[in-house]
Amino acid sequence: MVFRSHMDAALAQAKAAAARGEVPVGAVIAGPDGVVAQAGNRTRELNDPTAHAEILAIRAASAALGQERLTGYDLYVTLEPCPMCATAISHARIARLYYGAADPKSGGVAQGPRIFSHDQCHHVPEIYDGIGGSAAADLLRDFFAARR
């Protein structure tokens, strides 16, 4: 099997989120047949604190596939998932997690609570960090600099 990254599509979703005034985070879920879902943050637009890119992508993929478990599917996200999203990734049984920028303030994978290292964690995906990390970090930095 040849590895094909979908981080460019996740970055496009992050840019679209920024254009809507949302924190620029994008996510893509892909499987053996390609991309099944993609989303960017919509917390402000939907007035929903759970409308993170990862959660929206998981919801869309589950709806498209007609199943709550995404076994064998990969998640590409531009920023290290927060604890809420990491828990959802575990419950969805995502096979592989690829993320771009680290999130020292709110991350839940390699930072903070490290959700996947807890005994209560139902499933631990394979984790690959730093994929498109510079582009994702630049996008976030520019977004917040423009608001200060």
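As a basis for the values below, the full set of heavy atoms in this structure was taken, side chains included, without hydrogen atoms, waters or symmetry mates. In this text, all values refer to a predicted model and were calculated from it rather than measured experimentally.
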Tell me whether [X] shares a hydrophobic cluster with [Y], the cluster being built from Ile, Leu, Val, Met, Phe, Trp, Tyr side chains joined at under 4.5 Å.
X	Y	answer
L70	M84	no
Y98	L11	yes
I131	Y73	no
I94	L65	yes

Separation between [atom1] of [X] and [atom2] of [Y], rounded to the nearest 0.5 Å:
X	Y	atom1	atom2	result
C85	L97	SG	CG	10.5 Å
E68	R93	CD	CZ	8.5 Å
I115	S90	CD1	OG	9.0 Å
L56	I29	CG	CD1	10.0 Å
K15	T78	NZ	OG1	10.5 Å
Y128	R96	OH	CZ	7.0 Å

Closer than 3.5 angstrom, by distance alone: can the side chain of [X] be matched with the main-chain N or O of [Y] as a donor-acceptor pair?
X	Y	answer
H118	P113	yes
R20	N41	yes
T43	D48	no
E54	I89	no

Taking every non-hydrogen atom, the tightest pair across [X] and [Y]:
X	Y	result
M7	V77	CE-O, 3.4 Å
F116	A86	CE2-O, 3.4 Å
A14	G26	CB-N, 3.5 Å
A101	A137	CB-N, 4.0 Å
A17	V23	CB-O, 3.9 Å
A57	A27	CB-CB, 4.1 Å

Min side-chain heavy-atom separation [X]-[Y] under 4.5 Å:
X	Y	value
D129	E80	no
Y99	I127	yes
H52	V25	no

Practice task
Would you please classify the geometry between the H122 ring and the H91 ring as parallel, tilted or perpendicular, with 30° and 60° separating the classes?
Solution key: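 Ring orientation of H91 relative to H122: perpendicular.
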Handout entry: Parallel, tilted or perpendicular: rings of H6 and Y76 (30°, 60°)
Key =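 Plane angle over 60°, so perpendicular.
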Handout entry: Result of checking L79, L140, V109 against D103 for side chain to side chain contact (heavy atoms under 4.5 Å, CB included)
Key =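 Per the side chain to side chain contact (heavy atoms under 4.5 Å, CB included) rule, the option paired with D103 is L79, out of L79, L140, V109.
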